[in-house]
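In what follows, chains are A, B, ... by sequence order, proteins preceding strands, each numbered from 1. Note that this is a predicted model, so its numbers are computed, not measured.
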Amino acid sequence: MRKELEKVYDPKQVENRTYEFWQKGNYFHAEPDPKRKPYTIMMPPPNVTGQLHMGHALDNTLQDILIRWRRMQSYNALWMPGTDHASIATESKVVEAMREEGLTKEQLGREGFLKRAWAWKEQYGGRIVSQLKKMGSSCDWERERFTMDEGCSKAVNEVFVRLYKKGLIYKGERIINWCPHCKTSISDAEVEYEEKDGAFWHIKYPVVGSETGEYLEVATTRPETLLGDTGIAVNPNDERYQKYIGKKVILPLCDREIPVIEDEYCEMDFGTGVVKITPAHDPNDFEVGQRHNLPIINVFNEDATINENGGKYQGMDRYACRKALVADLEAEGYLLKVEPYKHNVGSCYRCHTVIEPRVSLQWFVKMEPLAKPAVQAVRDGRTKFIPERFEKIYFNWMENVKDWCISRQLWWGHRIPAYYCADCGEMVVSKDPVAVCPKCGGKMEQDSDTLDTWFSSALWPFSTLGWPEDTPELRHFYPTDTLVTGYDIIFFWVARMIFSGLEQMGDVPYHTVLIHGLVRDEQGRKMSKSLGNGIDPLKVIDEYGADALRLTLATGNSPGNDMRYSDAKVRSSRNFANKLWNASRFILMNLDDSDTDVSLPDTLTIEDKWILTQYNQLVKEATENLEKFELGMAVQKIYDFIWDVLCDWYIELTKSRLQAGGDTSKAARQILVYVMSNTLKLLHPFMPFITEEIWQALPHDGESIMISRWPEFDPDLDFKEEARQFTKVMDAIKAVRNRRAEMNVPPSKKASLHIETSSPSVFENCVPFLERLASASNVEVGKEFHLPGAVQVITDSAKIYIPMEELIDKEKELARLNKEKASCEKDIGFIRKKLDNPGFVAKAPVQLVETERGRLATAQERLAKIEESIAALEK
RNA sequence: GGAGGCGUAGCUCAGCUGGUCAGAGCGCUUGCUUCACACGCAAGAGGUCCACGGUUCGAGCCCGUGCGUCUCCACCA
């Protein structure tokens, strides 16, 4: 059994090999099995051409922890992986690459472009997947899916047609957010607002037919939209402007007269109380325009240059036009004043170009009927958010959501399954291609737009399981259990999956949504490409190992909260891996050929009972933490157990036994193997590689730790009383060490200990520990000692004399004892105060009152001992 | 305008249902070539748990107000 391990753990020699071993064992794969309980996680599909960043690393670490843990608990655990086609992002990358070759989309045509896009996908599509494997992700790769693969595309068409037939998808002319750079519409959720410095231009609109030269003063932040004005509005209750309602004003610089209308939308106390109405380029103006039947004049081209409706400004970029137009207004005396003004400007979440609201014909999903049941599902608790506060955010959005613009003027994506007759204009919405017009027999052409990327990802939880077919997978694994994702895509994705699941499957897509925060840089900034402050997880893995990175991301990370990444944290995780490695090395070095299994010895010593009790408690608590999604807390406890309990104490305690050999050594080895290999199981979901490596080296049953059974609390290993007794010895050891350190006695200088205690047997049993761990040359245990000149160490259960007269400074010793006395008295006062409070005794739980009484007694005993010592010294 | 998070040791953060909750890691100080580990061992210093009120026998924890800070939603031209 003896196995030589390197002194320092080297993840590089372990990780790839271990991952291959798992894959060969087919441990990641799950098959539907009605006899077993499923546990399913759908991976949020990363962008197919993307690269792994810290956000993915965190997201996937959490998922892998959950799936590995449940798998070990014998669930039929499926972690479904896949990638997203990411329409805008991918398309713009391909376009960019083409631009470098001097090519445009238009030159290539739709087919040629798509060919390139697929080639791009093939080239970069595997990258993110192999990066996820480096993390140790135990996904079922056999089931890997892509949002644009055949099955997912089929699901998309199916859903589109169903929703259309129910009247939940419609086509209409609405104001949408237009990105002049991506040249497509984007949904409301895809617009990011940012406060920017702008200006308020006050413009004079002369009243038609006024002989006195009357005018209305309008303030605007976007003067160039004046070209599309078709009216100006005042509030119906605004006395200042009553007389102008119904009249017309001259639109400056344009030969156009536009009406003055009244509308509640116009607020009296904002700006001048007069607002220009540009129905084609402002969502509110659009509605006002609808109410008053104002014409809609679109003045922009797709790239936000001015179109033919802009007269002399045609062809200018919107900002060039703004400049020119303002100059003209000023020259012609229309410009009354310019005020600096801060306002929010919307921009495209992908390219950050300022969006231009624009009227156009787009496809929409009618949200209200879908949102209602989706809200209800969360209210009923059929889906829970962790932490709960994100439910509020979800409700707030769902309850105020506007219709979802799903058409995109892009080529990379699912083409909208609507077909139009070139001859008669008939439209058919159909899952399958329609070539001939059912009405006139003319040639049909498919809608040129594609769908919003999120339309297909909204179906991810069931489209990946084979829907719309009724597959065994779908029946077994849906609804899934846990969705793990960041709060940044609750609206984009989570909300849409929930209403899609309810609508198509009649059930929620998952029971729990575990929300995590962002991984920020050391200074707390968002990691971003533009800042260049992103940390590459692969580099971290290369330097410290995947386990170290995973441990870092899992530790101290509480749901929903952002965390900061720092190298120092990863280093300390790496150190932990090394600590574990060396503890295992120690155990392995001591094993012999007879140590072949993981069983417990027949007789247990007190320290065995102590460690088993601690271990058993750990099993219970860590499991409970995991059940409550307190992953960080669970791993913290496992970490503390391994380092502080197992390494710092138990291993040290076994050393004398191991050296002694014989039965007692054998028993110690059995306990070490038992505790270590089972603790490795607890740690495995967090640090899969190193735990597998060590587990394999130790005596073990089964092929792999990842398919071993998750430990359970064992009432037979609960030795509370013995454990409590044993801590008396530990306290004594700590107290002696403390005194020796204070007096600067080097460990090499041994001294005898005389232990005065009312519970001598436990100390008598533990003499070797005191010798080894408290630098004792010999130990005597008794009821009473008279060693007035000795150093005295007082614990709750013992008074220990260390005869080191030469080291004693009587004054100092007295001062120290008096300090201890004072602190002890303070404790007693504190507890007394509680117990003297009738309210406390009457209302606090009985058990707590008892505990306090016990504490008081202990403290009083301790005080007595201190006082004795003082008295002895003063003699 | 609305909603929410955060404020705990020098730094980064944990603290579950209010009662051994004053914690961890890093950093710092002092010892230690202890036969697994210096990526280590041992001992320590360091906190008005943002402030003020309230509830309670009892408050980092619950409620209110304020301050600081961050974020999301809305988008009044």
Peer 1: Mind calculating the distance between CZ (A/Arg520) and P (B/U12) to the nearest angstrom?
Peer 2: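 Those two atoms, CZ and P, are 13 Å apart.
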
Peer 1: Distance check needed: B/C16 P versus A/Gln636 CD, whole Å only.
Peer 2: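 From A/Gln636 CD to B/C16 P: 14 Å.
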
Peer 1: Relative to the 5' end of RNA chain B, which residue comes earlier, A/Lys734 or A/Gly560, by the nucleotide with the nearest heavy atom?
Peer 2: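 Going by which nucleotide is closer to the 5' end, it is A/Gly560.
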
Peer 1: Sticking with atom C1', work out how far B/U8 lies from B/A22, rounded to a whole angstrom.
Peer 2: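 Those two atoms are separated by 9 Å.
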
Peer 1: When the C1' atoms of B/G47 and B/A9 are compared, how many Å lie between them, rounded to an integer?
Peer 2: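 To the nearest whole Å, 5 Å.
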
Peer 1: I want to check something: taking the side chain as every heavy atom from C-beta on, are A/Pro236 and A/Glu264 in contact at a cut-off of under 4.5 Å?
Peer 2: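 SC-SC contact between A/Pro236 and A/Glu264 confirmed.
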
Peer 1: Contact class for A/Phe629 vs. all strands (heavy atom < 4.0 Å): base, sugar-phosphate, or nothing?
Peer 2: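 Here A/Phe629 touches no strand at all.
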
Peer 1: Counting any heavy atom closer than 4.0 Å, what does A/Ile393 reach on the DNA or RNA strands: base, sugar-phosphate only, or nothing?
Peer 2: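 A/Ile393: no heavy atom of the nucleic acid under 4.0 Å.
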
Peer 1: Select base, sugar-phosphate, or nothing to describe what A/Glu624 touches, counting heavy atoms under 4.0 Å on all strands.
Peer 2: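 No contact at all - A/Glu624 keeps every heavy atom at 4.0 Å or more from the nucleic acid.
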
Peer 1: Can you tell me how far P of B/C37 sits from CD1 of A/Ile642, to the nearest Å?
Peer 2: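 So the CD1-P distance, A/Ile642 to B/C37, works out to 18 Å.
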
Peer 1: May I ask you to say what A/Pro845 touches in the nucleic acid, namely base, sugar-phosphate or nothing, with a heavy-atom cut-off under 4.0 Å?
Peer 2: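 Base contact - A/Pro845 has a heavy atom under 4.0 Å of at least one base atom.
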
Peer 1: Pairing check on B/U56: which nucleotide meets the Watson-Crick or G-U wobble criteria with it, both distances under 3.5 Å?
Peer 2: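 Base partner found: none.
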
Peer 1: Counting any heavy atom closer than 4.0 Å, what does A/Lys402 reach on the DNA or RNA strands: base, sugar-phosphate only, or nothing?
Peer 2: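 Sugar-phosphate contact only.
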
Peer 1: Using a 4.0 Å heavy-atom cut-off across all strands, classify A/Arg574 as base, sugar-phosphate, or nothing.
Peer 2: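 Counting heavy atoms under 4.0 Å across all strands, the contact made by A/Arg574 includes a base.
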
Peer 1: I need the minimum non-hydrogen distance between A/His292 and A/Glu262, along with the two atoms involved.
Peer 2: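 Between these two residues, the closest heavy atoms are CE1-O, 3.0 Å.
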
Peer 1: Taking atom P in both B/G4 and B/C39, compute the distance separating them and give it to the nearest angstrom.
Peer 2: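 Comparing P positions in B/G4 and B/C39 gives a spacing of 49 Å.
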
Peer 1: Could one point to a donor on the side chain of A/Glu652 or the base of B/A36 with an acceptor on the other under 3.5 Å away?
Peer 2: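 Donor-acceptor pair under 3.5 Å: yes.
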
Peer 1: Determine the contact category for A/Arg571: base if any of its heavy atoms lies under 4.0 Å from a base atom, sugar-phosphate if only primed atoms, P, OP1 or OP2 are that close, otherwise nothing.
Peer 2: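 No contact.
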
Peer 1: Is the shortest side-chain N/O distance from A/Ser558 to OP1 or OP2 of B/A14 below 4.0 Å?
Peer 2: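 Checking A/Ser558 against B/A14: at least one side-chain N or O falls below 4.0 Å of OP1 or OP2.
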
Peer 1: Between A/Arg291 and A/Asp263, does at least one N-O distance fall below 4.0 Å, as a salt bridge requires?
Peer 2: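 Looking at A/Arg291 and A/Asp263, the cut-off is met.
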
Peer 1: Below 4.5 Å, heavy atoms only, C-beta onward: do A/Leu294 and A/Ile261 meet side chain to side chain?
Peer 2: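 Yes, close enough: below the 4.5 Å cut-off.
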
Peer 1: Using atom C1' of each nucleotide, how far apart are B/C61 and B/U20 to the nearest Å?
Peer 2: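 16 Å, rounded to whole Å.
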
Peer 1: Measure from the side chain of A/Asp648, starting at C-beta and using heavy atoms only, and say which of B/U20, B/C41, B/A77 lies closest.
Peer 2: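 The nucleotide sitting nearest to the side chain is B/C41.
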
Peer 1: Counting only side-chain N and O atoms of A/Asn582, is one of them less than 4.0 Å from OP1 or OP2 of B/G40?
Peer 2: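 For B/G40, neither OP1 nor OP2 has a side-chain N or O of A/Asn582 closer than 4.0 Å.
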
Peer 1: Any salt bridge between A/Lys812 and A/Glu742, counting N to O under 4.0 Å?
Peer 2: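 Not counted as a salt bridge, because no side-chain N and carboxylate O are separated by less than 4.0 Å.
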
Peer 1: Who does B/C28 pair with, Watson-Crick or G-U, both distances under 3.5 Å?
Peer 2: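 Pairing partner: B/G44.
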
Peer 1: With hydrogens left out and only the distance checked, is there a donor-acceptor pair under 3.5 Å joining A/Arg855's side chain and the base of B/U20?
Peer 2: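 When only heavy-atom distances are counted, A/Arg855 does reach the base of B/U20 through a donor-acceptor pair under 3.5 Å.
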
Peer 1: Could you tell me how far B/U69 sits from B/G31 if I compare only their C1' atoms? Round to whole Å.
Peer 2: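 These two C1' atoms come out 42 Å apart once rounded.
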
Peer 1: Taking all non-hydrogen atoms of both residues into account, name the closest pair between A/Ser584 and A/Met676 and its distance.
Peer 2: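 Smallest heavy-atom distance, with atoms named: OG-CE, 3.6 Å.
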
Peer 1: Taking the same atom, C1', in B/C6 and in B/A77, what whole-Å distance lies between them?
Peer 2: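 Taking atom C1' in both B/C6 and B/A77, they lie 35 Å apart.
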
Peer 1: Side-chain N or O of A/Lys655 versus OP1/OP2 of B/A36: is the shortest distance under 4.0 Å?
Peer 2: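 The answer is yes; a side-chain N or O of A/Lys655 sits under 4.0 Å from OP1 or OP2.
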
Peer 1: Looking at every strand, decide which applies to A/Asn738 at a 4.0 Å heavy-atom threshold: base, sugar-phosphate, or nothing.
Peer 2: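 Sugar-phosphate, backbone atoms only, no base.
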
Peer 1: Using whole Å, what does the distance between atom P of nucleotide B/C6 and atom CE of A/Met563 come to?
Peer 2: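 Atom-to-atom, A/Met563 to B/C6, this comes out as 16 Å.
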
Peer 1: For A/His516 and B/G5, give me the distance from atom NE2 to atom P, rounded to whole Å.
Peer 2: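 It is 19 Å, rounded to the nearest whole Å.
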
Peer 1: Contact class for A/Ser584 vs. all strands (heavy atom < 4.0 Å): base, sugar-phosphate, or nothing?
Peer 2: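 Nothing: the residue A/Ser584, judged by heavy atoms under 4.0 Å, touches no strand.
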
Peer 1: Roughly how many Å apart are B/G5 and B/C41, using the P atom of each and rounding to a whole number?
Peer 2: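 These two P atoms come out 39 Å apart once rounded.
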
Peer 1: Could you tell me whether A/Ser566 contacts a base, only the sugar-phosphate backbone, or nothing, with contacts defined as non-hydrogen atoms closer than 4.0 Å?
Peer 2: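 The answer is nothing, as A/Ser566 stays clear of every strand by at least 4.0 Å.
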
Peer 1: Consider only side-chain N and O atoms of A/Lys734 and A/Thr795, and report whether a donor and an acceptor are under 3.5 Å apart.
Peer 2: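 Per modelled atom types, A/Lys734 and A/Thr795 side chains form no pair under 3.5 Å.
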
Peer 1: Touch check for A/Gln659, heavy atoms < 4.0 angstrom, all strands: base, sugar-phosphate only, or nothing?
Peer 2: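 Base, at least one base atom sits under 4.0 Å.
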
Peer 1: Hey, can you tell me if A/Trp397 and A/Phe491 have their rings parallel, tilted or perpendicular (30° and 60° cut-offs)?
Peer 2: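 Rings of A/Trp397 and A/Phe491: parallel, under 30°.
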
Peer 1: With a non-hydrogen cut-off below 4.0 angstrom, is A/Asp562 in contact with a base, only sugar-phosphate, or nothing?
Peer 2: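 Here A/Asp562 touches no strand at all.
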
Peer 1: Since syn is defined as within 90° of 0, does B/G58 count as syn or as anti?
Peer 2: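 Anti conformation here, the glycosidic angle of B/G58 being more than 90° from 0.
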
Peer 1: Without decimals, in angstroms, what is the distance between A/Phe830 CZ and B/G19 P?
Peer 2: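 Interatomic distance, CZ of A/Phe830 to P of B/G19: 13 Å.
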
Peer 1: Just the rounded figure in Å: distance from P of B/C75 to CG of A/Asp188.
Peer 2: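 Computing the A/Asp188:CG to B/C75:P distance gives 7 Å.
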
Peer 1: Find the partner of B/C75: check Watson-Crick (N1-N3 plus N6-O4 or O6-N4) and G-U wobble (N1-O2, O6-N3) distances, both under 3.5 Å, and reply none if neither fits.
Peer 2: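 Its partner is none (no Watson-Crick or G-U wobble pair with both distances under 3.5 Å).
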
Peer 1: With a 4.0 Å cutoff (strictly under), does any side-chain N or O of A/Asn400 reach OP1 or OP2 of B/A3?
Peer 2: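 Negative; the distance criterion is not met.
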
Peer 1: Using only side-chain N and O atoms of A/Lys579, determine if any of them is under 4.0 Å from OP1 or OP2 of B/C41.
Peer 2: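 Yes, A/Lys579 has a side-chain N/O under 4.0 Å of OP1/OP2 on B/C41.
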
Peer 1: According to a strict under-4.0 Å criterion, is A/Trp643 in side-chain N/O contact with OP1 or OP2 of B/C41?
Peer 2: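 Affirmative; the distance criterion is met.
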
Peer 1: Taking pairing as Watson-Crick or G-U wobble with both contacts under 3.5 Å, can you name the mate of B/A51, or confirm there isn't one?
Peer 2: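 WC or wobble partner is B/U65.
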
Peer 1: Please determine, by modelled atom types, if A/Asp229 and A/Thr278 share a side-chain donor-acceptor pair under 3.5 angstrom.
Peer 2: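 Indeed, the side chains of A/Asp229 and A/Thr278 share at least one donor-acceptor pair under 3.5 Å.
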
Peer 1: What's A/Asn625 touching, base or sugar-phosphate or nothing? Going by heavy atoms closer than 4.0 Å.
Peer 2: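 Here A/Asn625 touches no strand at all.
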
Peer 1: Expressed as a whole number of angstroms, how long is the span from A/Lys7:NZ to B/U33:P?
Peer 2: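 After rounding, the gap between these two atoms is 16 Å.
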
Peer 1: Touch check for A/Lys834, heavy atoms < 4.0 angstrom, all strands: base, sugar-phosphate only, or nothing?
Peer 2: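 A/Lys834: no heavy atom of the nucleic acid under 4.0 Å.
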
Peer 1: Of the listed nucleotides (B/G40, B/C72, B/G5), which one gets closest to any side-chain atom of A/Arg389?
Peer 2: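 The answer is B/G5, which lies nearest to the side chain.
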
Peer 1: Can you tell me, in whole Å, how much space there is between the P of B/C32 and that of B/G46?
Peer 2: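 That atom pair is separated by 23 Å.
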
Peer 1: Taking any strand in view, what nucleotide pairs with B/A9 in a Watson-Crick or G-U wobble way, both distances under 3.5 Å?
Peer 2: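 Paired with no nucleotide.
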
